[in-house]
Amino acid sequence: MLLHFIYHAYRVYLFLFRPIRTGVRVLLIKDNQVLLVRQTYMPGWYLPGGGLKRGETLEAAARREVQEEAGAELGEVRLLGAYSNFREWKTDHNIVFVSRDFTMSGLHDNEIAEVRFFPLDALPEDLWPGHRQRLDEVRAGVEAPQYGEW
């Protein structure tokens with residue numbers, strides 16, 4: 001309940017201050033399945049990821065976020081693209097990576113309610129739309145760096 005309240009307070013902050021943010025997301029794909037996370041404070045399924053910390057590189061942020069949210073240690077990662085989102089009174093830029101080389105520890109932080117693999121051809125209905133679009137692109141063979149809307 002507290003995380004739900006914090007999320008709504010954050011939306012008020014977005015409306016008042018209209019921040020510019022940069023974040024990362026990672027498509028963790030193995031055996032024709034993708035790893036998705038369900039957060040405790042928002043409905044639906046998401047690619048693991050989050051915001052950059054001051055002084056952190058994009059790749060370091062991707063590695064840290066998948067460790068925290070999904071309990072995954074990344075090997076090789078590749079850039080999929082950079083995507084922008086201007087909804088909800090903000091300017092978000094998401095850098096998306098793909099990794100097919102990772103191991104799972106099974107440990108994740110308490111803001112994640114569930115971590116689960118889904119077949120690429122049977123994604124959950126409540127998958128975040130921008131994340132579904134990235135997965136559709138990967139399924140279609142588009143894995144060269146792209147730029148577009150999130």
Side-chain angles (χ1 to χ4, degrees), residues 1-4 6-7 10-11 14 19-88 90-150:
M1 189 66 168
L2 177 62
L3 288 176
H4 188 70
I6 291 170
Y7 171 71
Y10 174 68
R11 290 184 58 143
L14 293 176
I20 299 172
R21 302 178 339 144
T22 303
V24 295
R25 294 286 173 176
V26 182
L27 283 74
L28 297 167
I29 300 173
K30 201 174 264 189
D31 299 327
N32 211 32
Q33 296 185 74
V34 63
L35 185 139
L36 300 174
V37 298
R38 191 171 55 80
Q39 300 166 337
T40 58
Y41 53 92
M42 287 178 55
W45 290 92
Y46 301 86
L47 297 168
L52 271 69
K53 293 184 176 182
R54 187 171 304 279
E56 189 174 44
T57 67
L58 295 167
E59 184 177 329
R63 290 179 184 281
R64 176 183 52 77
E65 285 290 344
V66 298
Q67 174 60 48
E68 291 173 2
E69 290 195 353
E73 286 288 331
L74 297 179
E76 181 183 348
V77 295
R78 288 184 303 102
L79 175 66
L80 178 65
Y83 305 89
S84 299
N85 174 4
F86 302 105
R87 292 183 296 268
E88 296 183 339
K90 62 187 173 190
T91 299
D92 274 351
H93 302 290
N94 280 285
I95 311 305
V96 181
F97 293 93
V98 176
S99 179
R100 297 175 187 273
D101 176 23
F102 58 92
T103 56
M104 301 296 298
S105 71
L107 304 173
H108 56 80
D109 64 25
N110 61 1
E111 76 178 33
I112 302 301
E114 190 175 359
V115 176
R116 189 187 319 167
F117 281 94
F118 290 89
L120 287 172
D121 60 357
L123 298 172
E125 289 296 319
D126 56 350
L127 175 61
W128 190 254
H131 299 196
R132 180 180 300 279
Q133 188 173 355
R134 301 294 79 84
L135 285 163
D136 288 345
E137 290 166 357
V138 167
R139 285 177 46 208
V142 179
E143 291 198 35
Q146 304 290 310
Y147 177 77
E149 281 197 42
W150 188 239

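In this chain, numbering begins with 1 at the start of the sequence shown. For the numbers below, each heavy atom of this structure counts, side chains included, while hydrogens, waters and symmetry mates do not. This structure is a prediction, so every number in the text was calculated from the model and none was measured.
- When all heavy atoms of Leu74 and Arg63 are compared, the pair lying nearest together is O-NH1, 2.6 Å.
- Of the possible polar contacts, none joining the Arg21 side chain to the Leu52 backbone as a donor-acceptor pair under 3.5 Å is found.
- Looking only at distances, a side-chain donor or acceptor of Thr40 sits under 3.5 Å from a matching main-chain atom of Glu111.
- Taken from CD1 in Ile95 to OG1 in Thr57, the straight-line distance is 12.0 Å, to the nearest 0.5 Å.
- Annotation: cation-pi geometry satisfied between Lys30 and Phe102 (NZ/CZ under 6.0 angstrom from ring centroid, within 45° of ring axis).
- The side-chain contact (heavy atoms from CB on, under 4.5 Å) with Glu56 is formed by just one residue from the set Lys53, Glu59, Arg54; it is Lys53.
- Arg134 places no side-chain N or O within 3.5 Å of a backbone atom of Leu27 that could act as its donor or acceptor partner.
- When all heavy atoms of Ala72 and Met104 are compared, the closest pair comes out as CB-SD, 3.7 Å.
- Atom CD1 of Ile6 sits in a crowded spot, with more than 12 heavy atoms from other residues, nucleotides or ligands closer than 6.0 Å.
- Ser84 contributes no side-chain N or O that, together with a main-chain N or O of His93, makes up a donor-acceptor pair within less than 3.5 Å.
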With side chain to side chain contact (heavy atoms under 4.5 Å, CB included) as the criterion, how do Val26 and Glu65 come out once you've worked through the C-alpha distance, each side chain's angles and the decisive distance to 0.1 Å? CA-CA 9 Å; Val26 182; Glu65 285 290 344; over 6 Å; no
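- Using modelled atom types, one side-chain atom of Ser105 and one backbone atom of Gly71 make a donor-acceptor pair closer than 3.5 Å.
- Looking at Asp101, its side chain does come within 3.5 Å of a backbone N or O of Glu76 through a donor-acceptor pair.
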Side chain to side chain contact (heavy atoms under 4.5 Å, CB included) between Leu47 and Leu36, worked out: CA-CA 5 Å; Leu47 297 168; Leu36 300 174; 3.8 Å; yes
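- Residues Ile112 and Arg38 have side chains not in contact (no heavy-atom distance under 4.5 Å, counting atoms from C-beta outward).
- Between atom CG of residue Leu2 and atom OH of residue Tyr7 there is a gap of 15.5 Å, rounded to the nearest 0.5 Å.
- The aromatic rings of His131 and Trp128 sit perpendicular, their planes meeting at an angle over 60°, well past the 30° parallel limit.
- Side-chain contact between Phe97 and Leu58 is present, with heavy atoms from C-beta onward closer than 4.5 Å.
- A side-chain donor-acceptor contact under 3.5 Å links Glu69 to the backbone of Gly49.
- The line from CZ of Arg78 to CG of Leu80 is 8.0 Å long, rounded to the nearest 0.5 Å.
- At a threshold of 4.5 Å between non-hydrogen side-chain atoms, the residues His108 and Val37 do not count as touching.
- With a 4.5 Å cut-off on side-chain heavy atoms, Pro43 and Asp126 do not count as touching.
- Taking CG of Leu120 as the reference point, atom CG of Asp31 lies at 10.5 Å (rounded to 0.5 Å).
- The distance from the CG atom of Leu107 to the CD atom of Glu68 is 12.5 Å, given to the nearest 0.5 Å.
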